[in-house]
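What you are looking at is a predicted structure, and each value in this text was computed from that prediction instead of being measured.
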Amino acid sequence: MSWLPLSFGAPMVLWGLLALPVIWWLLRLTPPRPQTEVFPPLRILARVLRREETPHQSPWWLTLLRLLMAALVVTALAEPVFNPREKLPAEGSALALVIDNDWASAADWGKRVATAERLIADAGSNGVPVVIAFTAEKPNAEIGPFDASAALDRLRAAKPRPIPADRPAVYARVAATLERLPGASVAVLADGLAANGDEAAFKTLLERNAARLVWATSDRVSLTGLTGADNQVDGFTLTAIRAPGDPAPAQVTAGAFDDKGRRIADATVTFAPGQTTANGTMKVPFELRNDFASIALDGEHQAGAVRVLDESSKRRRVGLLSQAEADQAQPLLSPLYYIRRALQPFADLVEPSSADLADAIPQLLDQKPAMIIMADVGTIPAQVRQRLVDWVNNGGTLVRFAGSRLAAAGNDDDLLPVRLRSGERALGGALSWTTPQQVTEFPKNGPFADLAPPTEVTVSRQVLAEPTPDIVERTWATLADGTPLVTGMKKDKGTLVLFHVTPEATWSNLPISGSFVEMLRRVVQLSRNQGAAVANAEAAAASLAPYRMIGADGTLVPPTPDARPLVPAAGPLPVTLENPPGLYGSETGVFAHNLLNASSTFAPLARPQISLPVTAIPYAFDESENLKGALVTLALLLMVLDTLAVFSMGGLLSRRPRRAAATAAAVLIALGGLFGHADLARADDSKPGDSQAIEDISKTRIAYVITGEPGVDSISRAGLEGLTRFLIEKTALEPGPPAGVDISRDELAFYPLIYWPIDATAPMPSEAAIARIDAYMQQGGTVLFDTRDQFSNGIGAGSASPATERLRDILANLNVPPLEPVPSDHVLTKSFFILPEFPGRFNGSPLWVETSLDASNTENRPVRTGDGVSPIMITGNDFAGAWAVDENGDPMLPTVPPDPMQRIYALRAGVNIMMYMLTGNYKSDQVHVPVLLERLGQ
């Protein structure tokens, strides 16, 4: 039963509203109001005998109030719902919920969950079990059937994943489960994107045991993704895609971010009307482009709109060097012509202004190139040779091409990957071929391993490498007769590469082939920072650990527990739950694994053509609101008003006016205390400093003497903060923050213990200040003096440190009792922890306390006699230095010697001192417990 925006869950209860007239009749009468009569009672009796009282009608407003209250209760029991939603077809033998939780569902995941919750709620009200499966979860995830409560728990625990949906596998599992539940309703909550195998997947799911299909999908696919990001000569080119069917033009903004998440560049990508692919360019200097770590589309909170970048997306500066004169009339004969043409699309080329190697090489090195290519360069000048060697050792890549100058220059172990034979090998001479040699399969241990051998390339002349034991592992390309065509090796952090032919088409036609471009591109990738590690891993098929992952919402997150190492390959790699999109590798080298590739497209998902009844529903939040709670609350409020009205009519509220006035006055005083606290505070008799005193005594606090030396005072405060943390962690005591006190003017009685670091450079306290300390000690307080000079002579030695001398000057004006090192049976050794000694930052100085002069019965009272506490303690072990911690709780100063347990013992010593200060010699009474029990006959 529903009336437009209002419906009722139990409409039959509304028949109870017909009882309102009866309720009106019953509520018409109220007992008469009691009357106050004046003594004598005979007068009251006479009036009673003379007149008969009859009840009169209740006020109309009270009757109306009660009728309204009854109507509210009846309406609430009918379970009214404002803006009710249509009940979904969750019926049959079961409800099978199949939900896409892939990357495309992340943007509106909340709506999908709300839609699924409504389906599960309706299934629960019908008593139907629920089978719930997600298309981007582990293949062995449990799918049910569950009851409605368990299905809701599964739904709320699910989250979108940054991977594509696997509908065929999941739909097959659901179909197998429905074989035991024929006639089920199947609800498909899809992401709206078509994928391979959808037709077969829907056929498997719906052809046998489904009785009804509930189809939930978005109105239109509004996703935009990045399929490419290429670092070109004039800028960074982006390629974005969107789903077809949108005739309107669209414009999206892309931002480039560095490895710290800072936005450093922007670009606009514009889709023409009906266009599904668009490009944009970030025209920024290549130095800034090399800092790009990721690119993301603004407003797209999903993994397809983010693209992470590795070294392959960064351009490098390449220096070109040749000793041959440039012939403008015959550019094809220039040694660098084909190299320039091959590298220009993906590298920034620099050349020296001088042809003299002594000037040209420093000019190139000053521009900090990632790679230098030498075309037939012979002997390197001695004055620049070492600088070039150092550049290679520090990570540079040196590529050399053969020629007559290199063949005549001889070997150079620091700048060539292999040793060369004298002269060269050519057709028609010694060691000659009868026919030009072709290139064979590239070795598996080189960077060209996944390239197809160029069958059209032939070599008629080359420089030969000496056969050495390591020649095989240094060979990156070979000819048909087994001689090396390209050799390379790692040298410290750099790389040496040698092409055994010239860079122009005189010895070989390799420079004019397409393979030449790809081979140089691979070598450039090796030259980049971190590029060598990833390239070698690709060649060796090694696995790279997950480093930074792309979350389903497009943010970079740490690796998930499901992520597994990735084996890079030349082509696109599948994105799975074990290999989600993101960066793989480590800080020394990463490999970018992105969700979308250049061939990715967005196609809308078509509803399967089936003969089953189909109900199409949109993704939406549940906007219905149950009014039962609000109506019950309003009825209770009316009940309170009714009760007050009855009390008022009965005269209860008018009795004892004095008590009512007193109650009103108390309420006014309380309200005045809440809203006028500041004004009342001005009128009281409080004195300046009372609030601080109240704060000081509200919690136990440890104090330290402010010496005036910033370094000493900061360590004292940090040390007491560290001790306070340790006390809170290990004991039931929860001290307040440490307090710094000026002994010349601050009140000292609030603190059970005052820590005083002695510093010879601090000003000597005045006599009045020392007198205040003496009074504090006489009244039960304790001062812990710390000279922090354990490695100097002690306080009783003939020659003392400056700190000890200063302590003696201070103690000369105090009433100091006889002192002794803490005995082994003193309470301090067992007040909380069992401690044989009291180390601090140093270990070796004893802790001096007041002598126990009456300790004659040591056998029966092993914890010493006396119920008092020593008013003075002296040490040289620098307690505060051992206790001091920074804001993160890490120690500030090292212990001497550097022993981690020494710091623990120092903190335990602080705990024992605080327990001794707060409890006295309470443990001295524990030894009498057996004797007391014996005397009591226990």
Side-chain angles (χ1 to χ4, degrees), residues 231-236 258-259 264-265 282-292 309 311-326 331 334-401 405-406 412 414-416 488 490-499 503 517 520-532 535:
N231 202 346
Q232 301 295 336
V233 177
D234 56 346
F236 216 102
D258 63 8
D259 55 0
I264 56 179
M282 293 181 176
K283 294 187 177 182
V284 294
F286 83 93
E287 292 88 353
L288 191 60
R289 280 180 267 147
N290 285 347
D291 291 334
F292 290 0
L309 307 175
E311 291 299 316
S312 62
S313 300
K314 298 180 181 180
R315 295 177 65 86
R316 282 291 183 260
R317 184 181 283 116
V318 178
L320 303 181
L321 187 63
S322 173
Q323 288 184 282
E325 295 290 339
S334 171
L336 298 176
Y337 176 78
Y338 295 108
I339 296 176
R340 291 192 193 98
R341 295 291 300 273
L343 293 179
Q344 198 168 20
F346 54 86
D348 292 276
L349 308 179
V350 293
E351 298 185 44
S353 59
S354 174
D356 186 2
L357 294 180
D359 297 329
I361 291 177
Q363 289 178 11
L364 287 181
L365 295 179
D366 289 342
Q367 299 188 60
K368 298 182 179 180
M371 185 171 78
I372 293 179
I373 297 179
M374 292 183 176
D376 191 18
V377 174
T379 303
I380 307 298
Q383 62 268 34
V384 297
R385 182 179 182 280
Q386 187 57 45
R387 185 178 176 186
L388 183 61
V389 172
D390 294 340
W391 172 80
V392 172
N393 293 338
N394 290 328
T397 299
L398 179 62
V399 180
R400 304 187 69 174
F401 281 84
R405 293 182 181 87
L406 180 64
D412 189 340
D414 292 327
L415 297 176
L416 286 174
K490 290 287 295 180
K491 190 173 187 297
D492 287 345
K493 297 180 181 178
T495 305
L496 295 174
V497 182
L498 173 63
F499 283 76
V517 177
L520 284 182
R521 184 184 181 97
R522 296 298 177 89
V523 177
V524 171
Q525 290 178 356
L526 290 179
S527 71
R528 300 176 181 182
N529 294 335
Q530 305 174 1

Are [X] and [Y] side-chain neighbours, meaning at least one heavy-atom pair lies under 4.5 Å?
{"X": "Ile361", "Y": "Ile380", "result": "yes"}
{"X": "Val392", "Y": "Leu496", "result": "yes"}
{"X": "Arg385", "Y": "Asp414", "result": "yes"}
{"X": "Leu343", "Y": "Leu349", "result": "yes"}
{"X": "Val399", "Y": "Val318", "result": "no"}
{"X": "Ile339", "Y": "Phe401", "result": "yes"}

Would a distance-only check, ignoring hydrogens and angles, find a side-chain to backbone donor-acceptor pair under 3.5 Å from Asp492 to Gly494?
-> no

Any sub-3.5 Å donor-acceptor pair from Arg400's side-chain atoms to Val497's backbone N or O?
-> no

Ring geometry between Phe236 and Phe292 (parallel below 30°, tilted from 30 to 60°, perpendicular above 60°) |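 Plane angle between 30° and 60°, so tilted.
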
How long is the span from the [atom1] atom in [X] to the [atom2] atom in [Y], to the nearest 0.5 Å?
{"X": "Lys491", "Y": "Thr397", "atom1": "NZ", "atom2": "OG1", "result": "13.0 Å"}
{"X": "Asp412", "Y": "Leu388", "atom1": "CG", "atom2": "CG", "result": "9.0 Å"}
{"X": "Asp291", "Y": "Ile264", "atom1": "CG", "atom2": "CD1", "result": "5.5 Å"}

Is the shortest distance from a Lys or Arg side-chain nitrogen in Asp376 or Arg405 to a carboxylate oxygen in the other one below 4.0 Å?
->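 Yes, charged N to carboxylate O under 4.0 Å.
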
Are side-chain N/O atoms of Gln363 and Ser353 paired as donor and acceptor at under 3.5 Å?
-> yes

Lys493 versus Asn393, side-chain donor and acceptor atoms under 3.5 Å = no

Residue pairs passing the salt bridge (charged side-chain N to carboxylate O under 4.0 Å, His left out) test where at least one lies in residues 356-365, sequence neighbours excluded | none

Determine the minimum heavy-atom distance between [X] and [Y], stating which atoms define it.
{"X": "Val384", "Y": "Ala358", "result": "CG1-O, 3.5 Å"}
{"X": "Ala360", "Y": "Ser354", "result": "CB-O, 3.3 Å"}
{"X": "Ser322", "Y": "Ala375", "result": "OG-O, 3.6 Å"}
{"X": "Leu336", "Y": "Leu320", "result": "CD1-CB, 3.9 Å"}

Per-pair distances, 0.1 Å, donor-acceptor, side chain in residues 364-374, under 3.5 Å, sequence neighbours excluded:
unit_1 : atom_1 : unit_2 : atom_2 : d
Asp366 : OD1    : Arg387 : NH2    : 2.5

